[in-house]
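One structure is given here, and the rest of the page talks about it.
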Amino acid sequence: MKKLIEITLGILTAIGGFVDIGDLVANAESGARFKMALAWVVVVGVIGICLFAEMAGRVAAVSQRPVFSLVRERLGAKVALANLGASFFINFLTLAAEIAGVALALELASSVNYLLWIPLVAFAVWLVIWRVRFSTMEKVFGLLGLCLLVFAVALWRFGPDWGALLSNAAHPTVPSGEGHPTYFYFAIALFGAAMTPYEVFFFSSGAIEEKWTKKDLVVERMNVYIGFPLGGLLSLALMALCSVILAPRGITVSTLSQATLPTVVVMGKLGLAVLLVGIFAATFGAALETGFSAGYTVAQYLGWQWGKFVRPKEAPRFHLVVLVSIIMGAFLVLTTIDPIKVTEYSIVLAAAALPLTYFPILVVANDPSYMGEHVNGRVTNALASIYLGILLIVSVATIPLMILTKAGS
Amino acid sequence: MRLSDLLHSEVYDQDGVSVGHVHDVRLVRDGPVIGSFGATFSIDGLIVGKGSFGSRLGFDRAAMKGPWVLKALFNRLHASSRFVPWDFVAAVEERKILISRAAKELHEPKALDLNGREEA
Amino acid sequence: MAGQKMDAGLDILDVQIVDKDGRMSGVVDDLDFSWDEETGAPYVSSILSGPEALGTRLGGRIGLWMASVHARLHDREDPGPAKISIGVVKKISNHVEITVSREDLDISRSPDWARDTIISKIPGADRAVE
Amino acid sequence: MIAPLLLLASCVAPDRTYEPYEADAVATAEDAASAAQTALLAVDASTRSNVTQNYLSIVLEEAEADASGVQGTFDSIQPPNSEADRLKNELDKLLDDAASVLEDLRIAIRRGELEKLPDIAHPLDDTAKKLDDFATAHER
């Protein structure tokens with residue numbers, strides 16, 4: 001029973017981290033525009049995040065060192081500072097996007113304009129970080145996030161031609177009217193959404209918050225290997241729903257409401273209610289994670305006390321960074337900037353910055369002076385080396401593709 | 001003198017030929033006894049090499065086995081590294097270290113094991 | 001362990017410092033050497049930690065900016081970087097563990113601006129959540 | 001460093017010749033058709049199962065905002081020649097048709113007249129098809 005509860009850490013980071021506003025937008029958009037032709041990217045992304053999150057969690061449990069502390073130590077003060085600048089900025093965009101996501105879900109439920117919700121959402125996010133126990137927070141948002149299973153239920157009730165979906169996914173072709181650069185731009189967006197670095201910042205720091213040790217490695221692996229693929233399946237269900245309902249009508253997704261429409265068409269009012277709870281939980285959970293991550297990255301670079309396992313007064317600078325980030329994130333979306341665009345930029349830029357974070361994790365996971373006998377095995381290293389190559393290619397290709405495709409338009 | 005004064009400084013041999021930059025500073029625990037720490041670390045020597053990327057990743061550790069792609073890459077990058085015993089150091093100047101021997105008298109640094117011993 | 005060797009950049013620089021109660025107390029931003037009067041060999045006398053030390057190491061505009069922000073918040077005239085004597089170090093491994101409390105360190109010589117001005121004024125700042 | 005890139009990625013250069021203008025027209029028609037189809041799908045959902053009025057009103061408002069947004073962007077581009085003028089007239093007619101239906105839908109939903117939505121939306125089906133045909137005809 002206790003183990004079962006502990007797995008909610010994985011489910012939170014999977015649902016709130018894997019499926020967040022970025023995944024909702026990226027999967028809905030690519031399903032509507034490319035049907036299942038980008039499904040393989042989700043699979044590649046899920047394997048990647050499993051691989052590196054497991055490493056980051058294992059390093060944290062064994063050596064008690066969180067990811068950004070390792071980044072500083074292995075890349076040195078200067079390069080790590082550049083990494084901190086990039087990671088903090090991308091994480092900040094993601095935080096702003098998640099706050100907007102929560103507000104958009106509330107707008108769809110209440111028809112009160114999302115901008116009016118933003119101050120309230122930002123305050124609620126901060127209050128949860130300030131007052132609610134880490135484990136309570138995980139359980140509540142982890143379990144509520146499971147409402148997103150409605151995507152899978154809706155797909156099943158719609159009864160698509162499964163064979164056609166599978167064959168479309170297995171034999172990806174770029175639809176007419178879409179160019180290859182746009183196709184790869186969306187591939188990068190999906191990949192960035194699946195592998196966003198804040199997931200490992202949060203997961204590794206969370207492992208230390210939860211006081212994990214070597215004994216918890218089994219739970220740690222179960223979290224990763226169950227949680228993230230579950231998140232990936234939900235992403236694919238959303239992509240499939242959009243591919244069978246939106247794509248044939250030529251609807252491209254530019255708002256969150258369009259991403260919810262297929263579920264509503266199939267499941268009606270009840271489906272909408274469950275879906276909105278799910279989106280609320282996933283985006284709120286991710287807002288918490290990115291809010292925490294803002295504090296984690298800065299505090300870990302500078303060696304400040306961080307975390308909820310001490311009284312806020314004991315970690316004042318960590319809490320100050322979190323507070324200021326949430327306020328600034330709220331201000332960014334209050335400028336009426338399109339929250340969907342903020343989301344898109346956050347995941348695409350995340351894709352460009354991936355090697356900066358994942359490379360030091362791979363290095364330390366191989367270093368016996370930290371890991372003792374728990375260093376990476378050969379299979380993990382072989383896979384991770386391939387992924388390092390992929391990450392480098394993605395990183396180099398991102399900005400040129402962004403300019404070439406006018407950000408996928 | 002600070003560690004950062006040594007790191008990245010360029011090292012010149014007795015003939016004024018550049019040996020490379022300081023990648024790391026090897027310490028040995030044989031210094032004076034200070035407080036409860038006991039014998040402190042003194043400088044054993046400098047690890048000097050061309051290029052600088054990856055010197056601090058730990059691939060030069062004997063016990064670090066993988067991933068083989070990275071291990072092979074950094075072994076290659078660091079093949080030209082040299083160890084400069086501290087006795088050879090003649091002067092530490094601004095971003096510049098002068099040594100009293102010729103570059104060809106220097107050997108490759110020995111890898112350390114997990115207990116801080118040099119491999120034979 | 002007399003005779004034990006390590007590479008300063010790899011094994012101690014940029015490592016997290018943890019105080020006697022396990023609280024995070026900065027990062028090893030630099031090492032300070034003194035000269036042995038008998039042998040003339042430099043030895044590690046203290047660990048430098050904090051924005052002054054990091055700022056010097058980073059150099060350039062960012063380094064200057066970091067040091068000046070810190071100085072402004074803490075209202076002191078160039079006191080030099082905060083030092084932790086190597087004598088209070090207990091162990092150097094994944095962390096640098098020290099035998100004293102964070103409050104007794106040079107890095108805590110100035111009042112904590114974030115704590116005193118903002119965080120401690122928010123209700124609940126003193127309450128442990130777990 | 002990133003801010004100028006974002007600007008670069010999102011800025012619209014003025015069209016000096018017919019071809020890029022036509023490409024813009026195609027993109028506009030596609031986007032407007034997407035907004036129209038969104039509204040049709042939402043109305044369809046409301047007839048088949050009960051959907052909350054709050055939700056419908058947001059979806060329809062956003063569809064209207066989308067359609068008027070792309071029309072506004074398109075109208076701000078100067079047609080480079082008379083051929084382009086004809087193209088613009090043809091497309092503007094369709095965009096106006098879509099906009100007026102979307103506006104009526106929004107008004108109806110604000111008044112809570114859910115049962116009237118299918119009738120109001122009916123002509124939108126035709127407009128959406130014409131927008132699609134327009135896009136197909138001018139796509140290259």
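Here is the naming used below: chain letters follow the sequence lines, and residue numbers restart at 1 for every chain.
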Would you say C:D30's side chain and B:S4's backbone share a donor-acceptor pair under 3.5 angstrom? yes

Whether the side chain of B:D30 engages the backbone of C:G3 through a donor-acceptor N/O pair (distance < 3.5 Å, no angle test) should be reported. no

Side-chain donor/acceptor of B:S36 to backbone N/O of C:K90, under 3.5 Å: no

Are side-chain heavy atoms of B:F37 and C:I92 found at a separation under 4.5 Å? yes

Answer whether the closest heavy-atom distance between the side chains of C:L48 and B:R2 falls below 4.5 Å. yes

Please output the residues of residues 81-95 of chain B in contact with chain C, using a heavy-atom cutoff of under 4.5 Å, in numerical order. B:W86

Donor-acceptor check, side chain of B:T40 to backbone of C:V44, threshold 3.5 angstrom: yes or no? yes

Please look at B:L7 and chain C and tell me whether the side chain, the backbone, both or neither of the residue comes under 4.5 angstrom of a heavy atom of that chain. side chain

C:S85, part contacting chain B, at a heavy-atom distance under 4.5 Å: side chain

Most heavy-atom pairs under 4.5 Å with chain B, out of C:L31, C:I12, C:D29, C:D36, belong to C:L31

Flag the pair B:L3 / C:F33 as yes when at least one side-chain heavy-atom distance between them is below 4.5 Å, and no otherwise. yes

Using a 6.0 Å cut-off, check whether atom CD1 of C:I62 has over 12 heavy atoms from anything other than its own residue. no

Let me know if C:T56 has heavy atoms under 4.5 Å from chain B in its side chain, its backbone, both or neither. side chain

Most heavy-atom pairs under 4.5 Å with chain B, out of C:D32, C:I86, C:D11, C:L13, belong to C:I86

Please check this pair: side chain of C:D7 against backbone of B:L27, looking for a donor-acceptor N/O pair closer than 3.5 Å. no

With a 4.5 Å cut-off on heavy-atom pairs, point out which of C:R57, C:K91, C:M6 contacts chain B the most. C:M6

Side chain proximity check, C:E38 to B:P32, heavy atoms < 4.5 angstrom: no

Drop me the distance from B:D60's CG to C:L10's CG, to the nearest 0.5 angstrom. 8.0 Å

Any side-chain heavy-atom pair from B:E118 and C:K5 closer than 4.5 angstrom? yes

Value rounded to 0.5 Å, distance of OG in C:S46 from CD1 in B:I34: 8.5 Å

